[in-house]
Amino acid sequence: MSADHARDLVHEGYDVAYVQEKWLPVWDEIAPFKSGRPDDPRPKKYVLDMFPYPSGDLHMGHAEAYALGDVIARYWVQRGFNVMHPMGWDAFGLPAENAAIKRNIDPTIWTYENIAVQKASMRRYACSFDWDRTFNTCDPEFYRWNQWLFLQLFERGLAYRKASKVNWCPSCQTVLANEQVIAGLCERCDTPVTKKKLTQWYFKITDYADRLLEDMSQLEGKWPDKVLTMQRNWIGRSTGANVLFQIEGRSEPVTIYTTRPDTLYGATFFVVAADSDLAAELAKGTPAEAKFNEYVEATKAASDIDRMATDRPKTGVFLERYAINPVNGEKLPIWVSDYVLADYGTGAIMAVPAHDQRDLEFARAMDLPVRVVVDTGEEDPNITGIATSGDGALINSGSLNGKSKGDAIAFINAQLEKDGLGKAARNYRLRDWLISRQRYWGTPIPIIHCPSCGEVATPLEELPVTLPPAAGLDLKPKGTSPLGAATDWVNVPCPKCGQPAKRDTDTMDTFVDSSWYFLRFPSSTDHAQAFSREATDTWLPVDQYVGGVTHAILHLLYSRFFTKVLFDMGKLSFTEPFTRLLNQGMVVMEGSAMSKSRGNLVRLSDELEKHGVDAIRLSMVFSGPPEDDVDWADVSPSGSVKFLNRAWRLSGDVSSAPRVDFTKGERSLRIATHKALHDASFAVESFRFNVAIARVMELVNATRKAIDSGCGPADPAVREATEAIAIMLSLVAPFTAEEMWERLGHKPSVALAGWPSIDESLLVAEAVVAVIQINGKIKERIEVSPLISDADLEAVALANPVVAQALLGATVIKIITRAPKIVNIVINNA
RNA sequence: GCCCUCGUAGCCCAAUGGCAGAGGCAGAGGACUUAAAAUCCUCCAAGUGUGGGUUCGACCCCCACCGAGGGCACCA
């Protein structure tokens, strides 16, 4: 470093690159964030960031998320907690596999290389992770327990195989999860997704629908409302009744589900989902069969995109058969249509066109009768074309006449149950979770298919069923799992009868991995079990979870489901895995997502190079509330650099010795320091990190002023303030804070300095300004003691000359006093 | 169409129902400097999307509307 350069640094601030390199090895040595010491007496806290896919180096989104999680973890360390803040990799899955195919290398090598890159970047980004607990979901040692879990569910009937229509991308030649279908298109190649009937593995999450819904009361106020609402929508519970309808010429009745059993007398026709088995059966042998087949073909050709158009005209075919309305014996014509879904309810409905908009549209298209049975006071749907759904007295409804909607539902449900014609029922939008994937890079499903024994669990002692080497397998998607070609791997004797059998060749959805990974961190070195009861009871549930809202439904719902299953198995003592949840926003550029095609991609490595780690972390955290998007066009990393230098310079100005008696310091700066500490603590605990930083900025300004034109650099209060600044800054700008701490004469690490205790007596000001209002308008400000009583404050206010003047000739109606802040005098001016 | 969240200086954002401004960005002026950069100081601006209501008092609570973002969407 030249002499000129060194002199410049004295003015400009510290050498960011040098300081970053200086502290990393020191921190490696001190390891301030280890949580595994058995004799650690500190109370425990589990702070968890959602783990990443290793699909490349870290990007701006990671930088934001991990900066936020770090503030929380580092804060609780400073507050004296034994914080476990672990990190690992969600390393299986399509992104990794596709990248590996594109580059023609083994996904194993590609994945572990990326993990190494990301891990090194996290270290340089000064993430406070406890690296002793790390693991990757593609480690056989991890997915072994994935397979164990699968078998636990299989034993309990919660994992099962069924044939069903699944999302299929004809271009990628693979099934897609629901979340990979965006507006009817494949998320990767934008090809319209079709349906294909395949036999696949499912987890029976629907068994837990009610508990997933009801246990949300534990999360109220601790998770974002938005996420809870989204989960409620997704589960989609509705209440109504199942009702049996006899079908002419069929011995068995058909069950329908309705949310409006009160409108049974208003049913004028019956509709069966076109793609259901029931429709095919009912159509068979009727004169309408040919037309029916034609219709089903046409429906199949229509893609999901067409189906999703809400204003699409209703279509259907009359089967020339009839259902019998159980309440009045009326013959209802049976139609098939694609507006009834085969996989919701029973795939068949009673149509009440007067009180259901979709039924009304169908009735009008097919010229079917409309009968009003609830007098809601609205106009006749026959005329308006708008179905009525409000409450009112029932009409045209036999014994229900005159009753309200609610009474009628209760009455008819009881009636149906008594007559064996139906009963109250619930339905859910939530479907069982399809976990099979016809891809290579995932956890092999530990089932062996035997011609005579059927589906046989792989014996536990044979786990893990490891993936066969990728070399020699064609990983390109072709509709069946690449594992099928690994003949040596596939062909095994049946564990039950010893006859030749075959392994299941599908792999599991990677959401299985992430549904319980948080249970593994406390037991990550335990090779005898997925997680130990002792470690889990010590650390879980997760006190604070941090991640993007993109996982609002799937990952979080699945994790809640697994937790409940494991609770039922007696493996866990809690039913909700994440006590508190913070959703961070995204990092965007000029209002829209950053993308290569738009050319507005901001590279994290460039930003770090330009401004340094601390300034980027600070910019992320200071930009606004954490759940808001960070618009990189709106933030000023160079402003952050300026502020950090400003704070750093204070540490060079302090001229008192370490461990000086702070109580002898200048009082007004001490008040500012303790108020900043108090306010920053409160702000951090309520996730208002931007506000916490604003408080630190204020304190930096106050300290600067004290040094330059106040008590001077030797006053103990200046040291107290600067040390408090270093400690508060350590949450977000660890390099700057450590450098300050050293210049203040302390040994590293500032991360373990401990949050200064707050002197409450300094938080109570000696005098405060009270406001005197007349009719809500401010008339005067007076200085009073913060301890003044209501009566005294009122007396002082009335004695004030300005106030007395204003009150001349007016009648005082009322005086509201809130000591020591405000007096409001309500007058009636003539 | 239904549900959720949000509208405060030019911009990002603060304000337990009690003085609308904490902090930052941008801008203006000044000090220092031969000059510039850096630094330090000072200043600037909105009456809270619109219209009602509750209240002694509303950015805050309630209703309606406008606008932005997000979620769900033929779920019987």
Side-chain angles (χ1 to χ4, degrees), chain A residues 8-13 224-234 236-238 240 256-260 263 271 273 307-312 314 337-341 343-352 355-359 361-362 427-431 549 552-553 585 591 618-619 622-625 627-631 633-640 642-643 645-646 649 676 679 682-683 688 690-701 704-705 707-709 769-781 813-818 821-827:
Chain A
D8 282 351
L9 291 179
V10 173
H11 284 283
E12 290 168 13
D225 284 344
K226 182 182 175 176
V227 174
L228 296 176
T229 305
M230 284 166 72
Q231 293 217 353
R232 268 187 211 101
N233 284 344
W234 188 263
R237 181 163 81 182
S238 76
I256 61 102
Y257 173 73
T258 177
T259 54
R260 294 292 305 275
T263 62
V271 189
R307 273 189 82 119
M308 275 187 299
T310 45
D311 51 355
R312 192 162 144 264
K314 295 281 182 287
S337 175
D338 62 359
Y339 87 88
V340 172
L341 306 177
D343 56 356
Y344 183 81
T346 59
I349 63 156
M350 67 167 188
V352 184
H355 305 294
D356 182 287
Q357 190 59 33
R358 296 151 303 179
D359 294 346
E361 282 161 20
F362 192 84
N427 242 306
Y428 304 88
R429 183 173 324 183
L430 181 71
R431 304 296 151 77
V549 74
I553 299 172
L618 176 66
S619 300
F622 184 56
S623 73
E627 51 283 331
D628 287 6
D629 287 349
V630 177
D631 195 328
D634 291 335
V635 306
S636 171
S638 57
S640 298
K642 268 163 72 176
F643 164 70
N645 277 316
R646 204 169 139 78
R649 276 194 302 273
D679 290 359
F682 183 67
R688 285 145 56 247
N690 53 327
V691 177
I693 292 168
R695 293 290 99 86
V696 181
M697 288 173 167
E698 273 181 277
L699 184 57
V700 167
N701 291 342
R704 179 82 265 151
K705 196 170 259 176
I707 291 171
D708 290 350
S709 56
V769 174
V771 173
I772 306 170
Q773 299 180 332
I774 293 180
N775 287 348
K777 297 274 184 286
I778 295 153
K779 275 284 177 255
E780 182 69 321
R781 292 152 213 265
I813 296 168
K814 191 172 177 181
I815 303 177
I816 296 105
T817 308
R818 295 285 178 273
K821 295 174 99 173
I822 201 161
V823 180
N824 188 12
I825 304 165
V826 185
I827 60 171

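Side-chain atoms are counted along with the backbone in the values below, which use heavy atoms only and exclude waters and symmetry mates. Just so it is clear: chains get the letters A, B, ... in the order the sequence lines come, proteins before strands, and each one is counted from 1. Predicted model only: the values in this text are computed from it and were never measured.
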A:Arg237: side chain to side chain donor-acceptor pair (under 3.5 Å) partners, not counting sequence neighbours: A:Asp210, A:Glu214

Partners meeting side chain to side chain donor-acceptor pair (under 3.5 Å) with A:Asp708 (sequence neighbours left out): A:Arg704

May I ask which nucleotide in the shown strands pairs with [N], Watson-Crick or G-U wobble, both distances under 3.5 Å?
| N | value |
| --- | --- |
| B:A28 | B:U42 |
| B:U55 | none |
| B:A37 | none |
| B:C60 | none |
| B:U5 | B:A68 |

Residue [X], side-chain heavy atoms: nucleotide from [options] that is nearest:
| X | options | value |
| --- | --- | --- |
| A:Asn824 | B:C25, B:C13, B:G57 | B:G57 |
| A:Arg429 | B:G24, B:C72, B:C41 | B:C72 |
| A:Arg649 | B:U39, B:C72, B:G18 | B:U39 |
| A:Arg695 | B:A76, B:C40, B:A22 | B:A22 |
| A:Asp356 | B:A22, B:A76, B:C40 | B:A76 |
| A:Tyr257 | B:A76, B:C72, B:G24 | B:A76 |
| A:Ala694 | B:C41, B:G57, B:A22 | B:A22 |
| A:Ser238 | B:C40, B:G23, B:A76 | B:A76 |

Between atom CD1 of A:Ile349 and atom OH of A:Tyr339, what is the distance when rounded to the nearest 0.5 Å? 4.0 Å

By nearest heavy atom, map A:Arg704 and A:Tyr428 onto RNA chain B; which one lands nearer the 5' end? A:Arg704

Of A:Met350 and A:Asn233, the one whose closest RNA chain B nucleotide lies more 5': A:Asn233

So which protein nitrogen or oxygen atoms get under 3.5 Å of nucleotides 4-12 of chain B's nitrogens or oxygens?
| unit_1 | atom_1 | unit_2 | atom_2 | d |
| --- | --- | --- | --- | --- |
| B:C12 | O2' | A:Ser623 | O | 2.9 |

If the C1' atom of B:U42 is compared with that of B:G47, how far apart are they to the nearest Å? 25 Å

Distance in angstrom units between [X] [atom1] and [N] [atom2], rounded:
| X | N | atom1 | atom2 | value |
| --- | --- | --- | --- | --- |
| A:Asp343 | B:A73 | CG | P | 12 Å |
| A:Asp628 | B:G70 | CG | P | 13 Å |
| A:Asn690 | B:G24 | CG | P | 13 Å |
| A:Leu699 | B:G24 | CG | C1' | 16 Å |

Counting N and O atoms only, with roles assigned by atom type, does the side chain of A:Asp359 sit under 3.5 Å from a partner on the main chain of A:Val352, one being a donor and the other an acceptor? yes

No-H, no-angle donor-acceptor pair, A:Arg260 side chain to B:A76 base, under 3.5 Å: no

Report yes or no: is the cationic atom of A:Lys314 (NZ for Lys, CZ for Arg) closer than 6.0 Å to the six-membered ring centre of A:Phe362, at no more than 45° off its axis? no

